[in-house]
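Only one structure is covered here, and it is reproduced in the block below.
What you see is a predicted model; the values in this text were computed from it and never measured.
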Amino acid sequence: MNQLRACALFLLCLSHLVFGQQPENQVRAQLLSPVEAVVPGSTVWFGLALTIAPGWNTYWSNPGVTGLPPSVTFGEGDNSITPELFFPVAATKAFGGDDTLLTYGYSDQVIHPFAMTVPASTTGSYVLEGEARWLVCRELCIPESQPVRLALPVVTATQRPAPHPDAARIDAARGAVPADFPGAFTVSADRLQIWLSGFQDVTVLDLMPEATGLVAGRIVTQTPTDQGRWLSLDRPLPIDDGVLDQPLVVVSAQGGSRLHFDATLASPEFPSGAALALPLALLMALVGGLLLNLMPCVFPVLSIKALAIAKKAQAAPAEVAASVGLYGLGIWVSMLLLAGLMVALQIAGHSIGWGFQLQSAWFVGLLVFVFVLLGYNLLGWFEFGGQAADLGQSLTEGGSYRSAFFTGVLAVVVATPCTAPFMGVAMGYTLTQPWWITLLVFSALGLGLAAPMLALVVFPGISQRLPRPGAWMVTLKQTLAFPVFATAIWLIWVMTRQTSADAMALLLAGLLWTSFGLWLRQAWSKRPLVGVAIALSGMLVIPLIATSASVDDTTASSQRAASVESVPYSEADLATALAAGQTVFLNMTADWCITCKVTEQRLLHTERVSALFAEHQVLRMTGDWTRYDASITAYLNRFHRVGVPLYVIESPAHPPRVLSQFPSFDELAEAVASQP
């Protein structure tokens with residue numbers, strides 16, 4: 001399917017040239033010479049310099065799933081010469097933002113060295129004149145060409161031609177061309193892991209097969225050993241398509257290295273799951289789920305269930321046990337469905353993580369309505385009944401067994417924006433494990449989330465000691481409405497960050513219309529269906545949120561980054577900073593992650609930390625995962641994480657150092673001071 005899409009995109013690019021009006025070139029070509037003159041019979045390394053317009057890119061020798069590498073031809077007819085162009089290390093880019101369509105190419109500027117031998121019979125002037133061709137792409141691909149010409153005087157060998165100022169640029173481009181490395185690589189049986197010999201001390205930034213049309217995918221994790229380095233990929237390496245017949249280019253901060261496949265290469269056992277044992281992962285998931293109950297996104301729902309249990313505290317223990325059991329069943333079923341969805345999407349080639357549904361403005365808008373309606377009910381503004389006119393609105397309120405089950409479902413839904421301690425490591429463990437282990441870990445997480453209520457079943461005497469029902473329950477119920485409304489306000493803010501202020505106004509108008517419908521249902525008791533219909537029509541505004549005017553990603557990220565003097569995360573910018581010897585602090589965050597925002601306010605955005613980073617010349621880099629970003633997801637997976645927050649210190653001389661999910665200043669200061 002990807003190949004068909006790539007072909008369609010490429011044919012669309014060519015049709016632009018054939019049927020469309022030719023626009024002004026997005027790339028400007030120039031021939032560079034290392035010398036001011038040439039000697040007959042000598043071989044000279046020239047350069048084809050391409051200056052690329054912002055936002056556009058040209059391609060590497062292997063363009064990936066689509067594209068064409070540039071070329072240059074001198075002369076005409078039988079006398080034409082097409083020299084071999086050499087290609088410096090390129091960067092991986094998703095075509096059209098689709099991470100399943102990876103390409104390799106260049107932006108801004110690139111110099112392609114090529115060698116020409118000056119004929120021994122040349123006198124007077126040596127002229128290179130011809131045409132350069134390339135394909136340049138953004139959302140659209142355009143084949144372009146430009147005449148190029150270079151004339152140099154001819155001198156004798158005894159005159160020693162003077163060097164040209166462009167010689168250093170050509171030499172730098174030649175030095176950036178991937179060179180053969182004495183090591184080799186081999187591939188695991190499932191083609192998801194690659195073993196590189198001799199790379200134990202070098203962090204790998206990218207992989208690029210030289211076989212035309214093939215891609216190696218994104219690097220998810222890498223584990224060094226004494227003899228080399230294991231890399232795990234986000235998709236199988238296409239070894240059946242000839243990828244092993246040609247070298248694999250391994251990109252690091254030191255440049256590109258060409259490695260050849262060696263089927264006899266001995267490799268150590270792949271460190272599955274970062275050496276985390278399954279029992280420990282299950283224990284960490286259990287504790288993480290238990291701690292989720294203390295998070296502000298879960299506590300209001302837990303309080304609603306506690307209130308329902310208190311109402312029936314004096315009832316038969318069997319009734320309490322049934323209600324609590326169904327609450328736990330709702331959590332367990334929801335966790336399994338969530339885990340199954342994540343596994344299915346990952347098998348389909350999508351990189352997703354914990355809380356991925358909160359990256360959808362439609363889903364966030366739906367949660368706003370859910371919490372507002374719950375708040376209305378807790379205040380006693382209206383009561384959910386069991387009649388057909390309520391259309392199932394009593395899913396999470398009341399004392400029925402049905403409400404117990406769906407309260408558990410709601411607890412899982414609202415828990416996804418939060419990441420408790422121990423959860424990140426346990427969830428990350430599932431990245432390299434079979435699907436059934438993922439289901440086990442999520443089941444343990446759900447057991448921890450349900451544990452406070454399940455304790456009433458294990459220790460039935462607790463329910464008998466709860467306070468008797470009375471007027472205090474009305475006050476408590478009304479009080480619980482306010483944290484529920486606070487959660488709704490927070491979700492409105494999240495949705496606004498994902499879309500725009502116009503979308504927020506649209507959502508608030510929908511809430512007003514729904515509120516009017518609920519009031520009308522109470523006031524016009526003879527025609528309750530009219531009010532219900534009006535209330536439901538207000539919720540129809542939710543699908544419009546996702547298609548409303550959106551905040552520009554770059555602008556939003558820049559505004560958030562500017563408040564803490566940070567730069568938005570990108571693979572290229574991180575590689576550039578590391579290559580320049582810069583230490584980088586990476587903050588992977590999201591607006592819907594309450595844990596992230598608390599840590600930013602209490603620690604990361606303080607003057608104390610700013611002074612620490614200034615003293616040690618640490619560059620802040622922020623990855624905003626509020627909306628889905630494939631590159632940030634890949635970076636999270638690299639450290640066996642499926643959700644935010646993630647705090648990492650990267651430096652050229654040491655392996656990346658991952659901080660805890662709730663770092664202290666002392667931990668951060670010690671990590672920064674340990675870097676060179």
Side-chain angles (χ1 to χ4, degrees), residues 92 94 99-100 102 183-209 214-240 243-244 248-252 257 259 261-262 265-278 281 342-354 424-438 441 571 574-575 586 588 630-643 646 648 650 655-658:
T92 301
D99 207 53
T100 65
L102 298 183
F185 76 95
T186 189
V187 183
S188 63
D190 60 5
R191 301 180 296 161
L192 284 171
Q193 288 85 34
I194 296 179
W195 165 254
L196 308 176
S197 65
F199 274 80
Q200 59 268 28
D201 298 323
V202 179
T203 300
V204 177
L205 304 177
D206 204 354
L207 294 176
M208 301 188 301
L214 299 181
V215 297
R218 305 280 193 180
I219 298 174
V220 176
T221 62
Q222 48 186 303
T223 306
T225 70
D226 293 338
Q227 295 81 32
R229 181 174 294 260
W230 272 110
L231 304 179
S232 60
L233 306 179
D234 65 351
R235 67 202 76 184
L237 193 69
I239 58 176
D240 297 333
V243 70
L244 304 181
L248 181 70
V249 174
V250 180
V251 182
S252 67
S257 303
L259 273 70
F261 175 73
D262 184 356
L265 182 64
S267 60
E269 182 179 354
F270 180 74
S272 177
L276 183 66
L278 177 59
M342 290 182 63
V343 169
L345 291 175
Q346 289 170 352
I347 292 175
H350 298 282
S351 297
I352 61 172
W354 176 258
V425 177
M427 295 295 100
Y429 171 76
T430 65
L431 287 174
T432 56
Q433 300 301 314
W435 62 269
W436 60 271
I437 289 184
T438 300
V441 171
E571 295 177 75
L574 176 59
L586 291 110
M588 295 301 175
S631 64
I632 294 177
T633 304
Y635 189 86
L636 293 172
N637 293 346
R638 174 184 168 190
F639 298 97
H640 300 279
R641 296 292 178 86
V642 294
L646 175 65
V648 183
E650 294 222 29
R657 178 162 178 176
V658 179

Closest non-hydrogen contact found for S252 with T203 is CB-O, 3.4 Å

Any side-chain heavy atom of Q222 within less than 4.5 Å of one from V202? no

Between W195 and A266, which heavy-atom pair has the shortest distance, and what is it? NE1-O, 3.7 Å

Does F261 reach the side chain of L248, with side-chain heavy atoms less than 4.5 Å apart? no

Sub-3.5 Å donor-acceptor pair from the side chain of E650 to the main-chain atoms of P655, do we have one? no

I need the minimum non-hydrogen distance between R218 and T92, along with the two atoms involved. NH1-CG2, 3.8 Å

From Q193 atom CD to L231 atom CG, the distance as rounded to the nearest 0.5 Å: 9.5 Å

For I632 and M588, run side-chain contact (heavy atoms from CB on, under 4.5 Å): C-alpha distance rounded to whole Å, both residues' side-chain angles, the deciding distance at 0.1 Å, then the answer. CA-CA 8 Å; I632 294 177; M588 295 301 175; 3.8 Å; yes

Of all heavy-atom pairs linking L192 and P236, the shortest is CD2-N, 3.5 Å

Are side-chain heavy atoms of V648 and R657 found at a separation under 4.5 Å? no

Taking side chain as C-beta onward, heavy atoms only, is L233 less than 4.5 Å from I219? yes

Counting only N and O atoms by type, is there a donor-acceptor contact under 3.5 Å from the side chain of R229 to the main-chain atoms of F199? yes

Mind checking whether L196 and W230 have side chains closer than 4.5 Å, heavy atoms only? no

In a check of side chain to side chain contact (heavy atoms under 4.5 Å, CB included) between L207 and each of V251, V249, I194, which one passes? I194

Beyond-backbone contact of L586 with L574, side-chain heavy atoms, under 4.5 angstrom: yes

Under a 3.5 Å distance rule, please check whether S197 uses its side chain to pair with a backbone N or O of A184 as donor and acceptor. yes

Closest heavy-atom pair, F185 versus L259, reported as atoms and distance to 0.1 Å, is CE2-O, 3.6 Å

